[in-house]
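One structure is given below, encoded as structure tokens.
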Amino acid sequence: MKDSIIINMDYAMYDLIDSTPFVERHHCIGGPNRKLADEDGLWVPLTPEHHRTGKDSAHLSKTTHTLLEIIAQLAYEKKKVAEGKTEKEAREIFRNRYGRSYL
């Protein structure tokens with residue numbers, strides 16, 4: 001799995017939400033696009049409570065899930081802009097790759 005482009009890898013052992021250790025990797029974009037998210041580094045570290053078991057976890061809360069999709073898209077677009085694409089081009093590249101925009 002590729003390093004995350006969302007977080008600094010120095011902090012990949014700590015929960016994105018509250019900095020607690022003992023985390024799991026959550027793919028911010030899942031379903032049929034999970035493999036692409038893996039290739040693009042669109043994952044964040046979350047404790048089991050924030051990942052899959054708590055009421056506000058990424059897998060149980062639509063709000064948390066949607067927020068992480070938005071964060072992933074923005075990180076992807078930021079990377080493309082840093083590579084020389086315009087913001088408009090970066091958004092279109094994301095849409096073509098993932099089939100939609102989360103923004």
Exercise for review: Could you tell me whether a side-chain N or O of Tyr98 sits under 3.5 Å from a main-chain N or O of Leu36, the two making a donor and an acceptor?
Suggested key: yes
Review point. Do the charged groups of Arg97 and Asp40 touch, with an N to O distance under 4.0 Å?
Key: yes
Check your understanding: Where the side chain of Thr20 meets the backbone of Asp15, is there a donor-acceptor pair that is under 3.5 Å apart?
Key -> no
Practice item. Check the hydrophobic clustering (I, L, V, M, F, W, Y; side-chain heavy atoms under 4.5 Å; chains of links allowed) and say if Leu60 and Ile70 are grouped together. Key: no
Point to revise | Exercise: identify the closest heavy-atom pair between Pro45 and Ala12 | key: CB-O, 3.4 Å
Practice item. With rounding to the nearest 0.5 Å, note down the distance linking NZ in Lys62 to CG in Asp56. Key: 15.0 Å
Check your understanding: Can you find a side-chain donor-acceptor pair between Glu77 and Gln73 that sits under 3.5 Å?
Key -> yes
Check your understanding: Under 3.5 Å, is there a donor-acceptor pair between the side chain of Trp43 and the main chain of Ile6?
Key -> no
Check your understanding: Within a radius of less than 6.0 Å around OH of Tyr102, do more than 12 heavy atoms belonging to other residues, nucleotides or ligands occur?
Key -> yes
Check your understanding: Does the side chain of Thr86 come within less than 4.5 Å of Val81's, by heavy atoms?
Key -> no
Review point. Taking NZ, NE, NH1 and NH2 as the nitrogens, is one of them in Arg95 or Glu92 under 4.0 Å from a carboxylate oxygen of the other?
Key: yes
Check your understanding: Are there more than 12 heavy atoms of other residues, nucleotides or ligands under 6.0 Å from atom CD of Glu89?
Key -> yes
Exercise for review: Check whether any side-chain heavy atom of Ile29 sits under 4.5 Å from a side-chain heavy atom of Phe94, and report yes or no.
Suggested key: yes
Practice item. Could you grab the distance from atom CG of Leu42 to atom CD of Glu69, nearest 0.5 Å is fine? Key: 11.0 Å
Revision key, fill the gap. Checking Arg52, His51, Arg25, His59 against Leu46 for side chain to side chain contact (heavy atoms under 4.5 Å, CB included), the one that qualifies is His51
Exercise for review: To the nearest 0.5 Å, tell me how far Leu67 CG sits from Cys28 SG.
Suggested key: 9.0 Å
Point to revise | Path from Val44 to Met9 over hydrophobic side-chain contacts below 4.5 Å | key: no
Point to revise | Short side-chain donor-acceptor distance under 3.5 Å, Asp38 and His27 | key: yes
Review point. Are Leu16 and Leu68 side-chain neighbours, meaning at least one heavy-atom pair lies under 4.5 Å?
Key: yes
Study note, to complete from the structure: Ser57 and Glu49 have their tightest heavy-atom pair at CB-O, 3.2 Å
Check your understanding: Would you say the side-chain atoms of Ser61 pair up with the backbone N or O of Lys55, donor to acceptor, closer than 3.5 Å?
Key -> no
Point to revise | Transitive ILVMFWY side-chain link Ile7 to Met13, under 4.5 Å | key: no
